[in-house]
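Order of appearance sets the numbers: ligands from 1, and atoms from 1 within every ligand.
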Amino acid sequence: MRKLETRTIVVASHNAGKIREIADLIGPFGFSAKSAAELKFEEPEETGTTFEENAAIKALASAKASGLPSLSDDSGIVIDALDGAPGVYTANWAETADGTRDFVMAMEKVEQALAERGATTPQQRTARFVSVLCLAWPDGHTEMFRGEVEGVITPAPRGTQGFGYDPIFQPEGYETTFGEMSAEEKHGWKPGDAQALSHRARAFKIFVETCLET
Ligand code: IMP
């Protein structure tokens, strides 16, 4: 495992929700970071079929463009009753005809697909959020960190916090959806804590423990 020896990195993302969450997570470690969106890097096409492949595509594109270590996140929601869909295509389910993203529509699509399968009880609506963080160096070396959180898809969206599919995901052991949690509650982690809650915070905790010189 290669260690990250600098605190100057690029957050290889164009997704405002993810950039905000990664900024929260790296904040306490004294990073100086700009995002690929701020640096106006072109968004690479995600042609992979796994979270790992897509995370590597994004981190390597940014590391090459910036000459700096770059941290990407590829993530999505995996729904058992839909045979793992939308999975790596989670963002695509939100795409509209004019090229923008509409997550109210995407959450309705999920509900419709579950209704078509007759998945009405919580036991039939199990799902997990997955986040794969990839740290890539300009020389092409990569390290991956995977985090997952189990939960259920709620019958209707609840809450306005977070981003994307947060309002329909209720993590196991909680009465609230990610959309009803503050950012701190959703991460469920700060440096030194034994556990994290969100998929992204779980992946980040592995990154800190294995790769970061602290
Ligand atoms: P990608 O990683 O850019 O391919 O897109 C990931 C997709 O999953 C986006 O549509 C996000 O909205 C969704 N997603 C990933 N993580 C979260 C999360 O923490 N909350 C809600 N939606 C998420």
*Asks:* Using a 4.5 Å cut-off between side-chain heavy atoms of Ile, Leu, Val, Met, Phe, Trp and Tyr, which other residues end up in the same hydrophobic cluster as Phe163?
*Replies:*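 Via sub-4.5 Å side-chain contacts, Phe163 links to none.
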*Asks:* Using the rule given for side chain to side chain donor-acceptor pair (under 3.5 Å), can you reason through Thr96 versus Asp102, listing the C-alpha separation, both sets of side-chain angles and the distance that settles it, and then say yes or no?
*Replies:* CA-CA 7 Å; Thr96 60; Asp102 179 347; over 6 Å; no
*Asks:* Using a 4.0 Å cut-off on heavy atoms, what residues surround ligand 1? Order them by chain and number.
*Replies:*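 Within 4.0 Å of ligand 1, protein side: Lys18, Glu46, Lys58, Asp73, Asp74, Ser75, Gly76, Thr90, Ala91, Phe103, Phe129, Phe163, Gly164, Tyr165, Asp166, Lys186, His199, Arg200.
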*Asks:* Is the Phe204 ring parallel, tilted or perpendicular to the Trp189 ring (thresholds 30°, 60°)?
*Replies:*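 Taking Trp189 first and then Phe204, their aromatic rings stand perpendicular (interplane angle over 60°).
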*Asks:* Return yes if a side-chain donor-acceptor contact under 3.5 Å exists between Ser62 and Ser70, otherwise no.
*Replies:*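 The answer is yes; a qualifying pair exists.
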*Asks:* With a 3.5 Å cut-off and no angle check, do the side chains of Ser32 and Arg7 form a donor-acceptor pair?
*Replies:*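 Side-chain D/A pair, Ser32 to Arg7: absent.
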*Asks:* State whether the number of non-hydrogen atoms from other residues, nucleotides or ligands found under 6.0 Å of Lys109 atom NZ is greater than 12.
*Replies:*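 Buried by this count: over 12 neighbours within 6.0 Å.
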